[in-house]
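Below: one structure, written as structure tokens.
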Amino acid sequence: MITGRGGPSGRGRIRPPRRQLATQPGSAKNDFEQYWAKLREALHDIHTHNAGNLSFEQLYRFAYKIVLMKSGALLYDRVTDFEGKWFAEQVMPPMSALITKNLVSITLDGAPGISVVERRALGEKFLRFVRTSWENHNMAMNMNADILMYLDRGYGEDNRRPPIYATTIGLFRDNILRKNLGATGSNYDVFDILNATIIDQINMEREGDVIDKALLRSCVSMLEGLFETDAEVELERLYLTTFEPFFIRTSHDFYRIECERLLREADARSWLRQTQRRLAEEAARCQTTISPLSEQKIASVVDEELIMKHLDEFLQLEGSGIRAMIDNDRLEDLKILFSLVSRVDDKVASLRNALSLRVMELGNEIEQNLNNTDFSIAQDVGSEETPGDGEKAKPKTLNATAQLTAAAIKWVDDVLQLKDKFDQLWVACFDRKAVIETALTRSFSAFINRFDRASEYVSLFIDDNLKRGLRGKTEAEVDIILDKAITLLKHLNEKDKFESYYQKHLARRLLHGKSESEEIEQEMISRMKRELGNNFTQKFEGMFRDMSTSRETTEQYRNHVRGLGEAEDSRVDLNISVLAGNNWPKEIMGRSTGLSDETKTKATYPPEIQSLQKSFFEFYTKNRNGRVLTWVGSAGSADVKCIFPKVPGKATGPLSKDRRYEINVSTYGMIVLMLFNTTKDDEWLSFEDIQATTNIPQPDLINVLTSLSVIKQFRILVKESQTKSAAKPGDRFMFNSEFVSKAIKIKIPSVSAANRVENDEERKKTDEKNLETRKHVADSVIVRIMKQRKELTHTQLVNEVIQVLSSRFKPDMSLIKGQIESLIFREYLERDELPDGTTADKYKYVA
Amino acid sequence: MAESDASASKYVTLASCDGFEFVVLREAVLVSSAIKGMLDPKSQFTEARTGRCYFEEINGIVLEKIVEYCQYWYKYKESVNVPDMDVPVELCLELLQAADFLGLDRKASPSTQTHHYYLFSKTPEEGFIALTYNDVGPT
């Protein structure tokens, strides 16, 4: 059927094409042979580069006619035969000549004894020949395919034969590459030799030799252009099926040996750099020498052999492993290490663990150092007590407790330094990777919390800074210090412990006016609030509130007194701090209110003071009915104006005149001094007398008397026996009428007023108290949960309790269990009973 | 025309068996896969060296139409909605044969024994001359 689109004027005779082909029976055969003879000649000419005189049109027409004669199949086979013979006769003989025994033995059997230069020359010669014959063949086959184009169109496609080009190009594979080399006495085929030779060249390059990359690239692209079968399936490129597996396998061998050598050399630095270089080299090699198809695969060979297999061994190398890298700040090494480990393990487990381990070790070192320091301090204390050791007394009169405090600050500084260091590493080398940060944080927490004084030390660090460390610092610097404190605080597990220490330290700062800046104190509190929640800072805020109300109260009271118009002389100026009992630590509120069952002792104040107290109490309760005020002598201080009369018999010097001093002492100190107002000049008071008259608790009295009589600058009382040790029962005291001081105002340092590290006994007490507090906290949490849930199994209850408590401290299982038992005993809870009377694993809330 | 710049010239010559010659844009005639093969500078056949293709079995009338198609194709190859080319009905069969020879066809259904040749096509689906014939004859 013919559909013409010749327009409406479809008239005119359709001319049949002229059929020049004589199709008489019998002549077809002759015609075919005639055409084929021409074509065969042309094929030969093409191979020998003599195509210049051939007419494409003619050859194309011959093929065209053969196809029209339905002899396509015959032509197809003839061409294939021709090419096969061509290989056998023209290509293989020189090829075999090149595959010498030497080449076979060095490339495949790894025979030694031939120099690299020779090996390379042999290999290159062979590869060059392969390349040339391939290029010739490829060129010729392209031309063949062009003139036989009609064969594909008119015959091949209809009969499902692969394009003539595919078939003839495939002949190279069958006739050359897969040709067995039986003749040379080995069982290899050319392909084996080719692969081995290419690999041999690559290995030469890996060893640092220069090779002909372009040559290799063209041999490889030949393999990329050839397929397992003439169907030319994409995944069956010879490159992928034969060369690449071989390449990967030999690369494994190469890098395994290399890695073992590096391990023997035991230098992680060179290992890192070598690995990094190898990765870059292989990537470049895939681009320039072999195929980009292999880039991934060869990279994973390097990953596996050079990185993964011996990673841990390299990390642990003495002197250059991860430990040395961290300790010596080898940032670049760590950076490379991180990039390498990231390649093989997205979670970088090995690196992470190594870092954690190192953090723990360094943390332990800090603790160890601290213990050593502690030890030396203990020695100093010992030597201080031996008399006659005057020259060893240091210019800075650091006493033992101050040194302990210094140790605490050193610890905090060290920890912060360590943290800074790892933070920097994290930014500079580890790409701010989250899993590493988590691991670091976790190990920091671990070692900080393993150190049982951590809470106390952190609080002391803040205390020290707020007391004097911040003087003259810019806002930004202060900010950094606060940040550091908060960072450490976040790591602490036992926040309740920290809370109680901070409370104690803050109380001392507030009551003794030691705080450098209230603004910064407030800032600190608000930061804690932000990080740890409202509950945590409630008490601290209460303390601040108390202080500011107290200031107001003092002012009001002063106005009140002024209104009364009492005689000026006898007026004692009162500066009062009214403290709400809950907010303040118990030891500040007076030792007697502690947990121990000591009887509540009440110091006997001098009459002047007593009347003052009474007057204030009246004033205070006027507006506030029913309040009870307890005077805490240990927490206050007093300014005492003292007149030292001139000493008879002294004509010159300061002693010849009356001396007036304003002495600032603790409240108890004031009480003691007032006693000596009534004594005669040479009268001694014994320790026991003083205690009986004043009723000051013994430990406080010891502190007071020591501070007044031992240190030379402040020796207002003379002690007998005259030693440098603390006052003790049995000593006698007398007013030191020969006291001289250059300053008019003298502040007597209170022995107990400084915030310092607790000694072991104190800490034991603190811990006990803490445990007690925890029990209460746990009780309340359990009751709160049960009240809400009414019924819970043991596990559920414990889990919930742990969840709630963990923001304050790490609860101990036995503690929780104990408290549950105790609550059952106190009939807050009961064990649920099953119908048969046995107890179930369930608790019920008893309303 | 000198041999050296024959392969570089923008124009090539197509010659018919009865002595007509057409000088055509090289790029235009490359629409034919056969002519493209002839002129491939890599292969260095006579045609490629001289830039002249002689067709022993195509006469001037048919070759003129072929050339016209080449130009037509070249002009409109990147356009849509192109006007039809006029094909005289009486030339149909000869043109079909020549187009087949020169590889100007698109085969629509290679899987069947029935051949649909859409010659001189604008798109594979649309041809100026369409011919369907059953593959008969000696096998």
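Letters A, B, ... are given to chains in the order of the sequence lines, protein chains preceding strands, and every chain is numbered from 1.
Evaluation of the ring pair (Phe, Tyr, Trp, His ring centres under 6.0 Å) rule for A:W86 yields A:H44, A:H47 as partners, not counting sequence neighbours.
A distance of 9.5 Å separates CZ of B:F45 from CG of A:D45, quoted to the nearest 0.5 Å. For the atom pair B:L102 CG and A:Y60 OH, the distance stands at 6.5 Å (nearest 0.5 Å). The distance from the NZ atom of A:K65 to the CD atom of B:E57 is 3.0 Å, given to the nearest 0.5 Å.
Looking at every heavy atom in both residues, B:M38 comes nearest to A:F56 through CG-CD2, 2.7 Å. Among all heavy-atom pairs drawn from A:S55 and B:E47, the shortest one is OG-OE2, 3.2 Å. Closest approach of B:D100 and A:Y64 over heavy atoms only: OD2-CE1, 4.2 Å.
Atom CZ of A:F129 has more than 12 heavy atoms from other residues, nucleotides or ligands within 6.0 Å. Summarising the local packing, CD of B:E21 is surrounded by more than 12 heavy atoms from other residues, nucleotides or ligands at distances under 6.0 Å.
When the candidates A:I147, A:L59, A:D146, A:L54 are compared by the number of heavy-atom contacts under 4.5 Å with chain B, A:L54 comes out ahead.
For A:E57 (side chain) and B:E56 (main-chain N/O), a donor-acceptor pair under 3.5 Å exists by modelled atom type.
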- Message: Evaluate A:Y150 against B:F101 for ring pair (Phe, Tyr, Trp, His ring centres under 6.0 Å), listing each step before the verdict.
- Response: CA-CA 8 Å; A:Y150 202 84; B:F101 178 76; 7.2 Å; no
